[in-house]
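Worksheet for the structure shown next.
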Amino acid sequence: MNTKYIPAIIMLSAGFVDCIMAIMQHKPLLDFTKELLLVLVIFLVIGCVVKMVIDKTFRVDEAKEQLPENSEEEQQDVERKEQQTIDETEE
């Protein structure tokens, strides 16, 4: 899954909400700028954490899906080797 844009989407959404709230409350420009910078940094960090959690979750899910396939292949290899050993001992 492509999670590259998740931090930016979360950060910009929070910034948009902050802008709307500042307009509705008629905040002075300096106060609004400081608040917006703080909101953007905090939600960028939150977005990065969310991205890491999602990446880790999907990586674990993909590994679980591949595990039975690998186990089945390994089991078949073991059975082939056992059969070869039996065949060699019979000769």
Side-chain angles (χ1 to χ4, degrees):
M1 180 176 179
N2 189 4
T3 58
K4 185 167 105 176
Y5 301 111
I6 289 178
I9 291 170
I10 291 174
M11 178 184 71
L12 292 173
S13 299
F16 177 71
V17 170
D18 185 45
C19 288
I20 299 299
M21 295 301 292
I23 291 170
M24 291 175 60
Q25 295 174 0
H26 301 289
K27 285 202 175 201
L29 182 61
L30 186 60
D31 293 341
F32 164 68
T33 306
K34 289 178 185 177
E35 182 180 297
L36 180 63
L37 179 63
L38 184 65
V39 166
L40 292 177
V41 170
I42 289 171
F43 278 92
L44 177 63
V45 171
I46 291 171
C48 289
V49 170
V50 169
K51 178 186 178 297
M52 288 189 311
V53 168
I54 290 173
D55 285 342
K56 187 175 181 180
T57 302
F58 279 109
R59 200 172 310 129
V60 168
D61 288 345
E62 289 173 0
K64 285 182 181 179
E65 288 175 2
Q66 293 176 355
L67 183 63
E69 294 173 7
N70 293 339
S71 297
E72 186 177 317
E73 290 173 3
E74 290 173 1
Q75 182 65 26
Q76 290 174 353
D77 289 341
V78 169
E79 290 173 1
R80 281 188 213 123
K81 288 179 183 177
E82 288 175 354
Q83 187 62 35
Q84 287 175 355
T85 307
I86 292 171
D87 292 342
E88 289 174 358
T89 56
E90 289 178 356
E91 294 176 357

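Being a predicted model, the structure only gives us computed values, none of them experimental. Side chains are part of it too, since the values below use all heavy atoms of this structure and drop only hydrogens, waters and symmetry mates. Along the sequence shown, residues carry numbers from 1.
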Q. Do Met24 and Phe16 sit in the same hydrophobic cluster, where Ile, Leu, Val, Met, Phe, Trp and Tyr count as joined when their side-chain heavy atoms come under 4.5 Å apart?
A. yes
Q. Applying the 4.5 Å side-chain criterion to the ILVMFWY set and letting contacts propagate, would Val50 and Ile42 be lumped into a single cluster?
A. yes
Q) Is it true that Leu38 and Ile46 fall in one hydrophobic cluster, defined by side-chain heavy atoms closer than 4.5 Å? A) yes
Q | CD-SG distance between Glu35 and Cys19, expressed to the nearest 0.5 angstrom | A | 9.5 Å
Q: Would you mind reporting whether Leu40 and Leu44 have side-chain heavy atoms less than 4.5 Å apart?
A: no
Q. Would a 4.5 Å heavy-atom cut-off, applied to side chains only, mark Phe32 and Asp18 as touching?
A. yes
**Q.** Same apolar cluster (I L V M F W Y, side chains within < 4.5 Å links), Ile10/Val39
**A.** yes
Q) Going by heavy atoms in the side chains, are Ile54 and Phe58 under 4.5 Å from each other? A) yes
Q. Which pair of non-hydrogen atoms, one from Lys51 and one from Lys4, has the smallest distance, and what is that distance?
A. CE-CA, 4.0 Å
Q: Could you pull out all residues at least two apart from Thr33 that satisfy side chain to side chain contact (heavy atoms under 4.5 Å, CB included)?
A: Leu29
